[in-house]
**Q** 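My structure is below; once you've seen it, I'll send some questions.
Each ligand, and each atom within it, is numbered from 1 in the order the structure gives.
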Amino acid sequence: MEDSVSTTPVNLDYPDGLAIARVAEALVEAALAEVQPHLQGDSGSLPSAMFEVGLSYSKTTRACALRRAAPLADLPYLRALLEAASVSLGGPADLRERQLNVICRRYLPGHGLEPHRDLPEMIEEDIYGCVLSNTSGSALEFHRLREPEPEGHHGGREESRISPSAFRVDELPGTCFRQRGAARFEWNHGIEKVSYGERWSVTWRWIRTDSVWFREDSAL
Ligand SMILES: O=C(O)CCC(=O)C(=O)O
Ligand SMILES: [Fe+2]
């Protein structure tokens, strides 16, 4: 073990609606080799290096339709991985590509992701993800949001509403997950800042057709 004192949350509580499965390592390795060349650049001011497929979340601005990023057809192993993960989690094999946004991330030391909920107004309920590789001590963590404060109480910043209840995913190459229900809306998720090693992940979600961000003819 590397640490005798660890801040790793004890998994006393499991977020309702979080499903976890695992896809075959050979497929994970092939998908990783496919996305790696796209994630070599500097992350700039982003919390991790990012490579998007399908609709682009990062190229959007508020109330502006999403634009197209790289086509999934160019990444056949990644597509096969997404389909395999979805099916192993009880989801559909059809990736509904016209609404699909895929984010591949590489986390190096200094990178992490603040606890957040993916925007409910923009993104459909089910969100999927898969760990491609992780040699860091960080992993996806869920933190339950407290019940809303009573009327008239001004709670302050988002972090102050986070209860000690936390769940950390035990990550191996191919560990995949689906967030739905409470896991999606009543828990935040994030990645603690990486201090050593690297973490590679892919997450995917569907843009709501009734949102201002969706447009059928999203151009390149
Ligand atoms: O890297 C991950 O596993 C999580 C990424 C994430 O939560 C996001 O892109 O919204
Ligand atoms: Fe997220």
Side-chain angles (χ1 to χ4, degrees), residues 8-9 15 17-23 28 31-32 35-36 38-39 43-60 66 69-70 78 81-82 85-86 88-89 91 99-145 158-159 162 166-195 197-208 211 213:
T8 302
L18 176 67
I20 297 182
R22 190 146 180 225
V23 287
V28 176
L32 181 59
V35 302
Q36 264 172 338
H38 300 278
L39 281 166
S43 63
S45 59
L46 295 171
S48 74
M50 248 174 104
F51 167 58
E52 284 184 295
V53 178
L55 290 171
S56 170
Y57 170 79
S58 68
K59 282 196 213 159
T60 196
L66 267 67
L78 182 66
L81 176 91
L82 268 46
S86 177
S88 70
L89 289 159
Q99 285 169 261
L100 181 69
N101 161 251
V102 185
I103 305 180
C104 306
R105 292 182 183 273
R106 186 199 62 195
Y107 300 81
L108 293 176
H111 290 152
L113 208 54
E114 288 294 320
H116 67 280
R117 287 186 316 160
D118 293 44
L119 207 58
E121 298 80 20
M122 176 192 269
I123 294 161
E124 288 187 358
E125 178 166 349
D126 287 1
I127 295 186
Y128 288 81
C130 185
V131 180
L132 301 177
S133 168
N134 190 356
T135 55
S136 79
S138 301
L140 185 66
E141 287 178 16
F142 288 81
H143 298 268
R144 188 171 22 214
L145 297 166
E158 179 93 336
E159 297 90 292
I162 294 174
F167 178 84
R168 181 182 157 105
V169 176
D170 188 12
E171 296 191 351
L172 294 167
T175 298
C176 54
F177 55 86
R178 185 211 63 212
Q179 303 171 29
R180 173 183 290 175
R184 168 81 167 92
F185 299 119
E186 292 165 30
W187 295 63
N188 272 347
H189 61 275
I191 310 286
E192 206 187 3
K193 198 172 265 192
V194 167
S195 56
E198 295 183 12
R199 180 178 181 276
W200 299 72
S201 72
V202 53
T203 53
W204 60 104
R205 51 193 74 58
W206 291 270
I207 307 304
R208 288 172 51 162
S211 75
W213 293 277

**Q** From atom 4 (C) of ligand 1, work out which of N134, V102, V169, T203 has a heavy atom at the shortest distance.
**A** T203
**Q** What protein heavy atom sits nearest atom 5 (C) of ligand 1, and how far away is it?
**A** L113 CD2, 3.5 Å
**Q** Which N, O or S atom name in H189 marks its closest approach to the Fe ion (ligand 2)?
**A** NE2
**Q** Is any NZ, NE, NH1 or NH2 atom of the basic residue among R205 and D118 found under 4.0 Å from an Asp or Glu carboxylate oxygen of the other?
**A** yes
**Q** Is any side-chain N of the basic residue among E141 and R168 closer than 4.0 Å to the acidic one's carboxylate O?
**A** yes
**Q** Indicate yes or no: at least one non-hydrogen side-chain atom of L140 is less than 4.5 angstrom from one of E171.
**A** yes
**Q** Need the atom name: nearest N/O/S atom of D118 to the Fe ion (ligand 2).
**A** OD1
**Q** Between the side chains of Q99 and E124, does any donor sit under 3.5 Å from an acceptor?
**A** yes
**Q** So, do W206 and Y128 have ring centers that fall under 6.0 Å from each other?
**A** yes
**Q** With side chains defined as the heavy atoms from C-beta onward, is the minimum distance between R199 and R105 less than 4.5 Å?
**A** no
**Q** Please list, in number order, the atoms of ligand 1 under 4.0 Å from a heavy atom of H189.
**A** 7 (O)
**Q** What is the nearest protein non-hydrogen atom to atom 8 (C) of ligand 1, stated with its residue, atom name and distance?
**A** R205 NH2, 3.5 Å
**Q** Just so I know, are the side chains of Y107 and W200 near enough to count as touching, which here means a heavy-atom distance under 4.5 Å?
**A** no
**Q** Just let me know how D118 lines up against ligand 1, side chain, backbone, both or neither, with a heavy-atom cut-off below 4.0 Å.
**A** side chain
**Q** Considering non-hydrogen atoms of the protein only, which is the closest contact for atom 3 (O) of ligand 1, and what is the distance?
**A** R199 NH2, 2.9 Å
**Q** Regarding atom 1 (O) of ligand 1: of the candidates W204, F177, Y107, W200, which has the closest heavy atom?
**A** Y107
